[in-house]
2 protein chains.
Amino acid sequence: MAAKKDDSGPALPPAIESAWGLRERPPKGPRPGLSVPGIVDAAVRVADADGLTAVSMSRVAKELGAATMALYRHIGSKDELLLLMVDAGYGPPPGPAAPGDGWRAGLTRWARAERDVLRQRTWLLHVPITGPPITPQQLGWLEAGLRCLDDTHLAESEKMSVILLITGYVRNEATLTAQIAEGSRAAGVEPGELMPAYGRTVARLIDPARFPALHRVLTSGVLNQDDDPDDEFTFGLDRILDGIEALVRRRAS
Amino acid sequence: MAAKKDDSGPALPPAIESAWGLRERPPKGPRPGLSVPGIVDAAVRVADADGLTAVSMSRVAKELGAATMALYRHIGSKDELLLLMVDAGYGPPPGPAAPGDGWRAGLTRWARAERDVLRQRTWLLHVPITGPPITPQQLGWLEAGLRCLDDTHLAESEKMSVILLITGYVRNEATLTAQIAEGSRAAGVEPGELMPAYGRTVARLIDPARFPALHRVLTSGVLNQDDDPDDEFTFGLDRILDGIEALVRRRAS
DNA sequence: TAGTTCTGCGTATGGTCTACGCATAAAAGC
DNA sequence: GCTTTTATGCGTAGACCATACGCAGAACTA
């Protein structure tokens, strides 16, 4: 039996193939009124407006003026739709940094770009990740990150680990700040008032003798002053980059 | 009007109060056949056996030989149950490190302990976190982490940031390795065969001219060798600790 | 013994995803 | 131009899910 053209791997979900433009329209049959990008755009619009929990198949279909089951002609399952929503939600990666900038400035720029996206679309953080990146934009972001490390002498595996480390940090930090915003909105208090209230609650619950270190943190008033979330972000990122810098220096010699 | 005893904060969910032992049984009425710890234990048993998606109110009730709605007498909502499941799932924090050990050895121990828990109970990673830690065990882990930094001269806010940084890293790393395991089980391939297959798929999709850095990673064969996930974990953790060490040194002088 | 109060649970509502099958529209081949 | 082929849109229906509400009865106090 002759080898087919694209037989070299496990079958990709149809929607992924269409995201890479590998799917030509079959010559016969009626014109499709819906398209994968159209469906994904509608889903993203719903998520932007009312959050990820509002994204149901029927809601997206209503957004398009179509019937619920019409979507399943183009998309295999809701999980597949979510995957494509993440791809569209991230958008294109940031362009390359200025030529003179080093890897550290480049990665900082890259990390801030991701944080900005996640701050704009917090629903991205609620999509359960089911596997390694496979969609065009996702791999584009990965590529952009890796390129920042081109001039270093890190091993390829180390570059990969570094990128994973940073994107993990960004996602984590974005999750925490989003939780504070969401929590204060749910509780109906000022955003700056949530952490002090939390501190008071914890202080009431814990026994200072059994939780001395935590008690010290609470009485230090850290939670009372609402510091710039940007400072918090920069603090952690700089610690990580410091650690990476030590490795880069070691590999350079 | 006289001040009541525990009026100093917003009302806590009843289940949280009972987790802190703040809830005495009312003297009247029939003996409750169910208890909050019993329900939580049953839910944890279900999650351990069949994953978090199997945890539905009816399934937990069936586990207890009770009716679905019986649970709502003890627990306000499913989210509340999930919160308590996380608390029980984590279990007690690791004990204090040996007196001679420094902060770095202590934090390493602490981080590995959390990783071990998350490796054992991957469903913990799928519980959507809705707020800062408020349950006894969660705060116990936080306390144990903070104590590792007792001998440093970091500011209290910096200690907090450091702990957040590390726990975020551990969660992220555990999520990634759990995804690989889950993905290979779902695809029915050997765990060591998933990443190479992923690499082949990506290599087929991307254009080397547009994704040069990524192409280089793929052709370097990083994904083909299945390295010890422990090495991967240690690599990232050491980078972070290197960065923290630089800060600790700066604050010591 | 009477009264009170809390427990367990049955019923019912409205939501979710999605498997299946039918009528129809559009193109290809003769 | 007519027939055949094929894919499309969508209606119906099933199997789940969380949970609001209200009732019968048990266990305690007085």
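Each chain gets a letter, A, B and so on, in the order its sequence line appears, and its residues count up from 1.
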salt_bridge(A:Arg45, A:Glu63) N-O dist < 4.0 Å
yes

Sub-4.5 Å side-chain heavy-atom contact between A:Pro191 and A:Ile180:
no

D:dT8 P sits how many Å from A:His74 NE2, rounded?
6 Å

d(OH, A:Tyr72; C1', C:dG21) in whole Å:
17 Å

B:Glu193 and B:Ser184: side chain to side chain donor-acceptor pair (under 3.5 Å), yes or no, with the steps?
CA-CA 8 Å; B:Glu193 191 52 34; B:Ser184 67; over 6 Å; no

Rounded distance in Å - CE (B:Met57) to C1' (C:dG15):
17 Å

A:Ile129 vs A:Val86 side-chain heavy atoms within contact, under 4.5 Å
no

Close side-chain approach of A:Glu114 and A:Arg171, heavy atoms under 4.5 Å:
yes

With side chains defined as the heavy atoms from C-beta onward, is the minimum distance between A:Leu165 and A:Tyr169 less than 4.5 Å?
no

Could you give the NZ-to-P distance, from A:Lys78 to D:dC17, as a whole number of Å?
16 Å

Do any N or O atoms of the protein come closer than 3.5 Å to N or O atoms of nucleotides 10-16 of chain D, and which pairs are they?
residue, atom, partner, partner atom, Å
D:dC10, OP2, A:Ala67, N, 3.3

Side-chain contact, heavy-atom cut-off 4.5 Å: A:Arg121 with A:Tyr90?
no

Those residues of residues 36-47 of chain A lying under 4.0 Å from DNA chain D by at least one heavy atom:
none

Rounded to the nearest angstrom, tell me the gap between atom CD1 in A:Ile75 and atom C1' in C:dT18.
14 Å

Less than 4.5 Å apart, side chain to side chain, heavy atoms only: is that true for A:Met85 and A:Val55?
yes

